[in-house]
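Input: a single structure, listed below in structure tokens.
Atom set for the values below is all heavy atoms of this structure, side chains included, hydrogens, waters and symmetry mates excluded. Here the structure is a predicted model, which means the values were calculated and not measured.
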Amino acid sequence: MEKNKIGFGAYMAIVAGILAIVACVLYRTVMYQFKPVYYMLIGAAVVAVLGLLLAKALPKFANYFPVCMSVLLFSAIVWGSMLMVNQIGYVIAGLDGVETIMSYFIFAGFTLAAGVVALVASFLPVGQKA
């Protein structure tokens, strides 16, 4: 029987999962929130953990998990932006201050960083043969 080991992509996916949890906590401070964004961010973290757990048992299957994570994370940015469009317009027009959207940009930055890390992890082996 062949032994499998955890690849570098699994560790990068875990980093992306941690960033997704941080983004989930930060999303609580955004002015207008959309509930499915929480599910996408938590789902990305759960997928990271599942990928790490399945890396040794099913390495070829686990290699697809970072792709799913990046889809969830980039979807969270898009859906999280949906309700903030008007507020961003108010800031650009000078009707509101920048402080009203700073928490959104911090959330989007962490989510974007998590998505990029997950995207890079999707090109690396999550599970590989020893």
Anything under 3.5 Å between a donor and an acceptor, one on a side chain of residues 35-48, the other on a protein residue two or more places apart or in another chain? List them.
residue, atom, partner, partner atom, Å
Y38, OH, Q33, OE1, 2.9

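- Here the closest non-hydrogen pair linking T29 and S103 is O-OG, 3.1 Å.
- Among all heavy-atom pairs drawn from A118 and P66, the shortest one is O-CB, 3.6 Å.
- The side-chain contact (heavy atoms from CB on, under 4.5 Å) test applied to L52 returns I6, A10, I14, not counting sequence neighbours.
- Closest approach of A114 to L19, counting heavy atoms only: CB-CB, 3.6 Å.
- Cluster membership check: L54 shares its hydrophobic cluster with M69, using side-chain heavy-atom separations under 4.5 Å among Ile, Leu, Val, Met, Phe, Trp and Tyr.
- Note on residues 91-123: pairs passing ring pair (Phe, Tyr, Trp, His ring centres under 6.0 Å), not counting sequence neighbours, are Y27-F107.
- The heavy-atom pair separating N4 from A55 by the smallest distance is CB-O, 4.4 Å.
- When the side chains of ILVMFWY residues are joined at heavy-atom separations under 4.5 Å, either directly or via intervening members, L119 and Y11 end up in two distinct hydrophobic clusters.
- Here V67 sits alone; no ILVMFWY side chain lies under 4.5 Å from its own, so it joins no hydrophobic cluster.
- Evaluation of the ring pair (Phe, Tyr, Trp, His ring centres under 6.0 Å) test over residues 42-84, restricted to residues two or more places apart or in two chains, returns F34-W79, F61-F65.
- Counting Ile, Leu, Val, Met, Phe, Trp and Tyr side chains that sit under 4.5 Å apart, directly or through other members, L95 shares a hydrophobic cluster with Y90.
- Residue V116 is not grouped with residue V71 when hydrophobic side chains (ILVMFWY) are merged at heavy-atom distances under 4.5 angstrom, including chains of intermediate members.
- No option in I88, I101, V91 other than V91 meets the side chain to side chain contact (heavy atoms under 4.5 Å, CB included) test with D96.
- For T100, the side chain to side chain donor-acceptor pair (under 3.5 Å) test picks out Q87, with sequence neighbours left out.
- A search for side-chain contact (heavy atoms from CB on, under 4.5 Å) contacts involving V85 returns nothing, not counting sequence neighbours.
- One finds the CG atom of L72 at 11.5 Å from the OG1 atom of T111 (value rounded to the nearest 0.5 Å).
- Here the closest non-hydrogen pair linking I77 and A108 is CD1-O, 4.1 Å.
- The shortest non-hydrogen separation linking V30 to M84 is CG1-SD, 3.8 Å.
- Among residues two or more places apart in sequence or in another chain, the ring pair (Phe, Tyr, Trp, His ring centres under 6.0 Å) test is passed with Y32 by none.
- Under the 4.5 Å side-chain contact rule for hydrophobic residues, V15 and F8 share a cluster.
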